[in-house]
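Have a look at the structure below, then the notes.
All values reported here derive from a predicted model rather than from experimental measurement.
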Amino acid sequence: MKPETKITQLSARKIAAKALNKFDSVKKRGVDGDDVSIYAADVLKNLLPQTEQKPRATDLVYGTIRNRTAIDLVLGSVADMPAGRIAPKLVNIVRLGVYELVYRPETPEYSIINDAVENAKSISAVKQAGFVNAVLRKIASRINNRDELISPENIRSILPGNNGTGCMFDRKLLADPKANPVLYYSCAYSFPSWLIKELLEEFGIEKLKQICVASNRRSSVYLRPNVIKINSYHLAEILTAGKVNFQITPDEKMLKLIRPGSIAKIPGFDKGLFTVQNFAAARAVNAMEPQAGWKILDLCSAPGTKTTQIAELTEDKTKIFATDIDAARLEKVKQNSQRLGLSGIEVFDYSQLSRIAEQQGPFDAVLIDVPCSNTGVLAKRPEVRLRIKQKGIENLMLKQAELLKTAMDLVKQGGIICYSTCSIMKSENQQQVQNFIAENSNLQLVTEELILPSAEDFDHDGGYYAVIEKLS
């Protein structure tokens, strides 16, 4: 019998460098950087088994992508070494070092720089490793305090981190936020300048600050109890017994994990006792008020988070027909339904929509969780800020309008359409719905809600939903 092959475990920093290089190579193959299939999570998925430091590797990758504009600003303005002049095989090692120096003040400086040098040695010549050392040491020498309280007097010298503090340099890196808020917030929080401009016009300066801070937070993980099997307090007892730290949300419907590890290893996962869902995203299905006995069509169901929520709220006494144009992700709807023990969900290929509609329609309700800009979930999808384009949003709006029209044709008179996005842009949300209702006199708005992302104690993503009734 052959001896068992032991997989060499790599450090979080090595895994992060590999993931960032892979992410960049895939991203460049997209069309104008607007390939919506590129997610940091997808790139990380195959690399994380190679390290025992999975949470840390994930943080390094997400944090470096999330703050790339600010990191590259430091490279150009402080180190006099623009990212474009650094060898492609080294640039992400350097970026990771800058990320930790600026945004992880609890990590010792010597550890950050030494590991970056060793990582460079493992893939390049000693001379180039010396270059990495020189760049990072120059940046470190220009930092006055890695965890300085932000004030009006020093705000231009600080790259903001968490809780009102940030990394303070010995020079002004940023524009005056009062004189040029678009330039300040786009650089400080690594947003496209056109997006900052639109958000400022829509929401004003105070809400813009909230959006920027929340979009750069480390997202918390929330568990939605499978109410057919368990409630929040019984799930809390199981987590406590399993030594999993958590908080129950103010509405007592979900549990926020403290320092989450592998979700699949949490007690109750394999028994289908819970689903991961941000509590802001859960509001759309709650607003639908689905009833037992309804026939519901979910047109954009993958990976099944809202689909299974409907089934649970109706005690699995609703017939749900679930499809998605992404066949690979549609498989996750089946997997999640099976794990949760739900039998009322029928998953079908999108190509079969006409057949299902003819046999089963019209439906009591149609849910469309439409493709969107993802501007409400930039914290957990950090790569969006690197690829989002104004033209891309215009194309998405056309798809959204098509899905609304499809939903109207398939819902019965007296039935409802639930339109939801993870965007905070008015053009994809209120304006899209207003235009749709204005063009169709047999529709009326029942309720709608825009949720802005928040970094408060029970932090959450942003998004929008509208419930629309088709009149008799």
Side-chain angles (χ1 to χ4, degrees), residues 281-291 293-311 313-314 318-327 329-330 333 344-373 393 395-423 425 427-450 463-472:
R283 294 177 69 87
V285 168
N286 290 332
M288 282 179 67
E289 298 182 348
Q291 303 297 310
W294 278 10
K295 283 195 297 184
I296 298 177
L297 174 64
D298 188 347
L299 277 175
C300 311
S301 63
T305 309
K306 289 184 174 68
T307 318
T308 55
Q309 184 185 2
I310 294 171
L313 287 178
T314 56
T318 298
K319 188 62 180 177
I320 305 169
F321 299 88
T323 190
D324 197 283
I325 199 166
D326 188 333
R329 294 183 73 237
L330 190 59
V333 183
I345 299 171
E346 179 179 328
V347 179
F348 67 94
D349 189 86
Y350 197 82
S351 64
Q352 299 298 308
L353 178 59
S354 295
R355 179 183 64 80
I356 293 293
E358 183 177 347
Q359 292 177 355
Q360 304 293 339
F363 299 92
D364 295 282
V366 178
L367 171 62
I368 42 173
D369 193 21
V370 298
C372 68
S373 63
I393 291 182
N395 293 335
L396 285 167
M397 288 170 61
L398 294 175
K399 294 178 183 177
Q400 293 160 5
E402 289 174 5
L403 284 164
L404 278 166
K405 176 64 167 60
T406 299
M408 184 183 68
D409 291 341
L410 297 176
V411 72
K412 73 179 187 181
Q413 291 184 341
I416 61 169
I417 300 167
C418 183
Y419 173 87
S420 71
T421 77
C422 52
S423 166
M425 308 301 289
S427 57
E428 297 179 89
N429 296 326
Q430 299 98 318
Q431 195 62 57
Q432 182 76 274
V433 170
Q434 288 169 14
N435 291 343
F436 180 58
I437 292 175
E439 293 168 1
N440 297 278
S441 59
N442 62 333
L443 300 176
Q444 72 174 7
L445 180 64
V446 177
T447 186
E448 67 178 339
E449 183 181 19
L450 174 68
Y464 169 86
Y465 67 81
V467 177
I468 305 162
E469 182 181 3
K470 184 176 180 179
L471 302 173
S472 302

Given side chains that start at C-beta, do those of [X] and [Y] come closer than 4.5 Å, heavy atoms only?
X	Y	answer
Phe436	Tyr419	no
Thr323	Asp298	no
Glu448	Val467	no
Ile345	Thr308	yes
Met408	Ile417	yes

Looking at [X] and [Y], what are the two nearest heavy atoms and their distance?
X	Y	answer
Val370	Gln400	CG2-CG, 3.6 Å
Glu289	Trp294	O-CH2, 3.8 Å
Lys295	Phe363	O-CB, 3.5 Å
Ala322	Leu330	O-CD1, 4.2 Å
Tyr350	Leu299	CE1-O, 4.1 Å
Pro371	Leu403	CD-CD1, 3.6 Å

Looking at residues at least two apart in the chain, or sitting in another chain, which of them share a side-chain hydrogen bond (donor to acceptor under 3.5 Å, both in side chains) with Ser373?
-> Thr375, Ser423, Glu428

Partner residues of Asp326 under the side-chain hydrogen bond (donor to acceptor under 3.5 Å, both in side chains) criterion, sequence neighbours left out | none

Taking atom types as modelled, find out whether [X] and [Y] have a side-chain donor-acceptor pair closer than 3.5 angstrom.
X	Y	value
Asn429	Thr421	yes
Glu449	Tyr464	no
Asp324	Ser301	no

By side-chain contact (heavy atoms from CB on, under 4.5 Å), which residues pair with Gln434, not counting sequence neighbours?
-> Gln430, Gln431

Distance in Å, [X] [atom1] paired with [Y] [atom2], rounded so as to fall on 0.5 Å steps:
X	Y	atom1	atom2	value
Asn442	Glu469	CG	CD	10.5 Å
Phe321	Gln352	CZ	CD	13.5 Å
Lys399	Cys300	NZ	SG	11.0 Å
Leu410	Leu353	CG	CG	6.0 Å
Ile368	Cys418	CD1	SG	8.5 Å
Gln432	Met425	CD	CE	13.0 Å

Look only at the side chain of Gln360 and the backbone of Glu358, and say whether a donor-acceptor pair between them is shorter than 3.5 Å.
-> no

Salt bridge (Lys or Arg N to Asp or Glu O under 4.0 Å) against [X], all qualifying residues, sequence neighbours excluded:
X	answer
Lys412	Asp364
Glu346	Lys319
Asp369	Lys306

Determine the sole option in Ile310, Ile320, Ile416 for which the side chain to side chain contact (heavy atoms under 4.5 Å, CB included) test with Pro290 is passed.
-> Ile310

